[in-house]
Each structure stands twice: as C-alpha cells, then as structure tokens.
Number of protein chains: 2
Amino acid sequence: MITPSRGARPVSRQVLADHVYEEILESLMDGRLEPGSPVSIDGTARDLDVSPTPVREALARLEHTGLVVRVALKGYRVAPVFSRDDFANLMDARLVIEPVTTQLACRRMSPEVLSGLRQAIADLKEAPRGPSFAEFRDYLDADERFHRLIAENSGNPFMLAAYEALGGQVQRFRLFGGVGITDADHAIAEHQAVFRAIELGDPEAAAAAMTEHVGKVRQRAMQDAPQA
Amino acid sequence: MITPSRGARPVSRQVLADHVYEEILESLMDGRLEPGSPVSIDGTARDLDVSPTPVREALARLEHTGLVVRVALKGYRVAPVFSRDDFANLMDARLVIEPVTTQLACRRMSPEVLSGLRQAIADLKEAPRGPSFAEFRDYLDADERFHRLIAENSGNPFMLAAYEALGGQVQRFRLFGGVGITDADHAIAEHQAVFRAIELGDPEAAAAAMTEHVGKVRQRAMQDAPQA
DNA sequence: CCCCCGCAAATCCTATAGGATTTAAAAATG
DNA sequence: CATTTTTAAATCCTATAGGATTTGCGGGGG
C-alpha cells in the first residue's frame, strides 16, 4: 500500500509521473513496501489516485535503480532482501569506487561543497538514532548526502553513475538489516577524518580515510548482523 | 525517422514496449537519429505503427543509458555528441572498475566462461570493421561480450551493476561517429593478453593486463578522435 | 479429506481520446 | 518587403476502455 504524502503542494505545472516516482521511491525507502512483494501498476494507481499511465512510466524509470525488478508480462516486485554476503559484496564494491571519487573530488574541492560536507556531518551528529525508521531516517539521509556530495563533485559523471548504481542499495540494507544505527559515533569520527583530509587538500589521505571508513563499516556490520 | 526493422517476427507473447526499445536503440546506434535532435513520442509511435504508450515506456527505460535525455514537459532528445573529455572520463571510470572485475573473475574461472571468452576473441577477429554502424556492430558486440562476461563472473553483483552503469560499449559509437574501428589489431592482442593471464589463473596479471588494455584504448582514442 | 475445475477478480498491456501547451505556419498589417 | 498577429498543427501528458492472461477462490467429485 502506497499512501500519498501529506504535504503535496499543487505546483503550477508538474509532470505527474515525476511525483509518482518520488512517491514510490519514498515508500521503498521507508520500508512500507517489503522486499519481494509485488508492486502492482493498477493497484498503485488506485492508491495514489492517478491513472496507470504515469505509474507505468515511474516504474520503468525506477527499474534501473535496482530497487524494483521487472518481469515481462508479470509486473514489478520490490527487489529481494539482502543476505550477509550481499552486504559484504556491496561494501567491497564501494571500497573500489568511493576512494576514487573521494580522491577526485578532493582535487577540485570548492568552499561551497566543503560547507555542504561540514553540514552533513553536523546533521549526522544531531540526528536521532532510535530503532524505528522514522527516527534514524534523518541519519541515513545525512550519511547519503555526504557520500553523494563527494561523488557528484568527482568531476567524472561516469564515476557518479557507478556510485549511484550502489547508493540506493546502501540505505535499503540498513533499513531491512534490522541492526539500526549502532555505530554512529565511530562513523561520525571516520567521516570527520575524510573531511579533514579533504580540507587540507590531500587527495591520497582523503582516499585512504574513505577506504578506512567503508572498510570499518563493512567490518562492524559483519559483526553486528544476524548470522547466516 | 525511425523505420521498423525488416525481420520482425510475430513472436507468441511479447511486450511491445521491449520491441520498441530495441527499435529506438538501433536507430540511435545507426546514427539515423542525430545528436540533439528531438525524439517525439507521438511521432515515433506513428513511425513504428504503435500507440504512444509503449513508446513512452521504452524512452523512460532508455533515459538511464544516457543515449537520450529528457526534459519534463518538453520531451526527449538524442544525447549530445561525446566529447574527448567525456570519453576520457568513461575510460577513467572503466580503469577503476574493470581491473577489479577481472581479478575477481579470474579467481573463480570456469571452463564454460573461459570458452566464452575464447569465442568472444575469435568473433572479434573475424568481425568486419567498416565505417558504418551496421558493419562494426558485430565487433562492438563481441567486445562488449568479452568485458561483460568477466563482470558477470566477478561473483559480485554490485560490481556488475557498476560496470553496467557505465554503459561502456553502448557509448563508444558516439565517439567513433563515422570513423569506425581503427585499432582492432591492437585491441585483439590486448584481449588475448587478458585471456592468457586468466587462463593461467594469475589474478594480478589479469588485472594488470586489463588495466593495460583499457589504458591503451583510452590513449589511442585520444590520438585518433576527430578534432581537439 | 483431497483434488480439480470453473468463474470472477485482478493484472499487464496497448490503444484511443482529449486537455494544456508549445511550435510552426499562414495571414494580415505597416 | 518586414513584422506582428492569428490560426492550425504538433506535442506532451493523463485518463479511460478493453483485450489477453493470470490468479484466487469456492464448490463439486473422487
């Protein structure tokens, strides 16, 4: 069930399909849609009180994020849950990509981006860390913002595309991993280490700090996550 | 103008949108559609003798390949030409990802995959290399198959996702507009070097060979590419 | 009790219609 | 002839209708 968000403002001219896209994306990230469950086109259209056409277009665009999977003539389903091994693989992939985006971004850093990163870390600190999604959603948002800001400023759109291919999955795993946020203090310190290296304009150190961070995240998750 | 392809066989149950997707993709790669020109939904529907609905869905899926760009309420246009810098960025990204997929795949190589790689190289050798897309499409297909086979057998689905996010081979034609494949002999030799290292089960050597290959492709393209 | 069949609802998919807006052409005016 | 205005066509977007198929369910037969 996808419920329309409250604060839907009637903007002048907007493409309904874009709105539907955001709505479904939010439902996926909120965990309102469980992994493996079907996402019916007609049903979603009824839920959001629109016609199936924009829903169809929104889902077509969502497919490439990997959050939903499509089977021809069968429809869409929420992507299946992650196993422990999947998470390890995801982190291994991030270990390949993110140090590079960090290094590249460090070389072309601007004051605006720097303050954006500083803000993201500040938001991380003050974000609540409760067990329910409503509570740690701000934390995940800030975390994602930090990493994305770096990827966006790598100056290489293809590295950004590679990052985006993984980005959405990171939050999802945390959401359904059931572990909540248990390592916030460590993670914040590691983010600050990355930030300091970037601030000093040392690309190698920044890349190393990012490697350290992602590696530690992987390690901690492997300890905390339920076995099997 | 997107003309329907000749050998359209009436398969039992097929999703029309999938067929439309392939049709538009082919038109894009053939150069029948020039960069920057609009791709009208209604117009394409008329050309292909279908309704706008499947065309809309196909274009939504095509957008993430970067071959077409969408502006809300304005429609789709063929993506602008690939600049030298764009190509350099693409190769830089591949230099990050592909050595890793190669190394991983080497560790878990199977006879089936090995023979698939051998076949891909064989196809590369006998593929024509003319200047029009219709001629060198087989070459690009074989090239793509080689690299994809490696990524698929890395054992890490997220590395595969990152590789796919680059859309490497699909993008290449955008640079070779009217030039064709000029470095086939070199490229084939480099592929063979990668293959031999994999065959010998030496992951580091395989990764190094892949780095060498992609780096050389980048270098040659920078020399051959038209204009500055 | 279990299995199978038939009907109804749901679903995917495509076509069509029409509203809102932009674009292009044609007509009218200076 | 140049410029502006008006009109027609094209385009994007959404809604609706209906065909083909699948899925769920309840009743009847073994």
Side-chain angles (χ1 to χ4, degrees), chain A residues 1-5 8-25 27-28 33-64 67-79, chain B residues 1-5 8-25 27-28 33-64 67-79:
Chain A
M1 177 65 163
I2 300 176
T3 58
S5 60
R9 70 274 187 239
V11 176
S12 56
R13 263 303 143 230
Q14 200 168 354
V15 178
L16 197 49
D18 290 346
H19 180 242
V20 172
Y21 180 95
E22 297 295 336
E23 208 71 53
I24 299 177
L25 182 60
S27 293
L28 288 167
L33 293 173
E34 282 190 21
S37 62
V39 182
S40 148
I41 294 173
D42 291 339
T44 303
R46 281 192 301 273
D47 293 345
L48 297 179
D49 200 37
V50 298
S51 83
T53 312
V55 174
R56 176 174 296 278
E57 187 173 336
L59 283 172
R61 288 211 287 260
L62 267 172
E63 193 190 359
H64 98 272
L67 296 178
V68 298
V69 293
R70 166 181 174 267
V71 178
L73 298 170
K74 284 289 191 175
Y76 294 86
R77 307 188 80 90
V78 182
Chain B
M1 176 64 164
I2 300 176
T3 58
S5 60
R9 70 275 188 236
V11 177
S12 57
R13 257 300 145 231
Q14 199 169 355
V15 178
L16 196 48
D18 290 344
H19 180 242
V20 173
Y21 180 96
E22 298 294 337
E23 207 71 54
I24 300 177
L25 182 60
S27 293
L28 287 168
L33 295 174
E34 282 190 21
S37 64
V39 182
S40 145
I41 294 173
D42 292 340
T44 303
R46 281 192 302 272
D47 292 345
L48 297 178
D49 201 37
V50 298
S51 82
T53 312
V55 175
R56 178 173 295 277
E57 186 172 337
L59 283 172
R61 288 210 288 262
L62 265 173
E63 193 191 359
H64 100 271
L67 294 178
V68 297
V69 292
R70 165 181 175 269
V71 178
L73 298 170
K74 283 291 191 172
Y76 294 86
R77 308 186 80 92
V78 181

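In what follows, chains carry the letters A, B, and so on, assigned in the order in which the sequence lines appear, proteins first and then strands, with residues in each chain numbered from 1.
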Worksheet, complete the sentence: A:Leu73 CG to C:dT14 C1', in whole Å, measures 12 Å
Discussion item. Counting only side-chain nitrogens and oxygens, does B:Arg77 get under 4.0 Å of the OP1 or OP2 atom of D:dT11?
Written reply: no
Fill in: OG-CG distance between A:Ser27 and A:Asp47, expressed to the nearest 0.5 angstrom
9.0 Å
Discussion item. Between B:Arg77 and B:Val69 (side chain of the first, backbone of the second, donor and acceptor by atom type, cut-off under 3.5 Å), is there such a pair?
Written reply: no
Worksheet item: According to a strict under-4.0 Å criterion, is A:Ser51 in side-chain N/O contact with OP1 or OP2 of D:dA15?
Response: yes
Worksheet item: Whole-Å distance between D:dT11 P and B:Arg56 CZ?
Response: 13 Å
Practice prompt. Select base, sugar-phosphate, or nothing to describe what B:Thr53 touches, counting heavy atoms under 4.0 Å on all strands.
Written response: base
Worksheet item: What is the distance from atom CG of B:Leu33 to atom CD1 of B:Ile24, rounded to the nearest 0.5 Å?
Response: 8.5 Å
Worksheet item: Any idea which of D:dC12, C:dA15, C:dT23 is nearest the B:Val50 side chain?
Response: C:dA15
Worksheet item: Choosing from D:dT16, D:dT14, C:dT14, which nucleotide comes nearest the side chain of B:Leu16?
Response: C:dT14
Worksheet item: Rounded to the nearest Å, what distance is computed from the CG atom of residue A:Asp18 to the P atom of nucleotide D:dT14?
Response: 8 Å
Worksheet entry | Nucleotide C:dT14, atom C1' - distance to CD of A:Glu57 in whole Å | 15 Å
Fill in: Sugar-phosphate, base or nothing in reach of A:Pro52, heavy atoms under 4.0 Å
base
Item to complete: Tell me whether the OP1 or OP2 atom of D:dT23 has a side-chain N or O from A:Lys74 closer than 4.0 Å.
Response: yes
Worksheet item: Residues in salt bridge (charged side-chain N to carboxylate O under 4.0 Å, His left out) with B:Asp18, at least two apart?
Response: A:Arg70, B:Arg61
Practice prompt. Rounded to the nearest 0.5 Å, what's the gap from CG on A:Leu67 to CG on A:Leu59? Could you check?
Written response: 11.0 Å
Discussion item. As an exercise, state the distance from OG1 of A:Thr44 to CD of A:Glu23, rounded to the nearest 0.5 Å.
Written reply: 11.0 Å
Fill in: Interatomic distance where CG belongs to A:Leu59 and C1' belongs to C:dT11 [whole Å]
13 Å
Worksheet item: Taking atom P of C:dC12 as reference, at what distance in whole Å does atom CD of B:Gln14 sit?
Response: 19 Å
Discussion item. If I take atom CD1 in residue A:Ile41 and atom P in nucleotide D:dT22, what distance separates them, rounded to the nearest angstrom?
Written reply: 16 Å
Worksheet item: The side chain of B:Ala17 lies closest to which of these nucleotides: D:dT14, D:dT11, C:dT14?
Response: C:dT14
Discussion item. Do B:Leu28 and B:Leu62 have side chains that approach each other closer than 4.5 Å (heavy atoms only, starting at C-beta)?
Written reply: yes
Worksheet item: Could you spell out the base pairing of DNA chain C in dot-bracket, with Watson-Crick or G-U pairs whose two distances are under 3.5 Å, [ ] crossing and | to another strand?
Response: ||||||||||||||||||||||||||||||
Discussion item. Tell me the interatomic distance from A:Arg46, atom CZ, to D:dA15, atom C1', rounded to whole angstroms.
Written reply: 15 Å
Fill in: Nucleotide of D:dT14, C:dC13, C:dT14 approaching B:Pro54 most closely (side-chain heavy atoms)
C:dT14
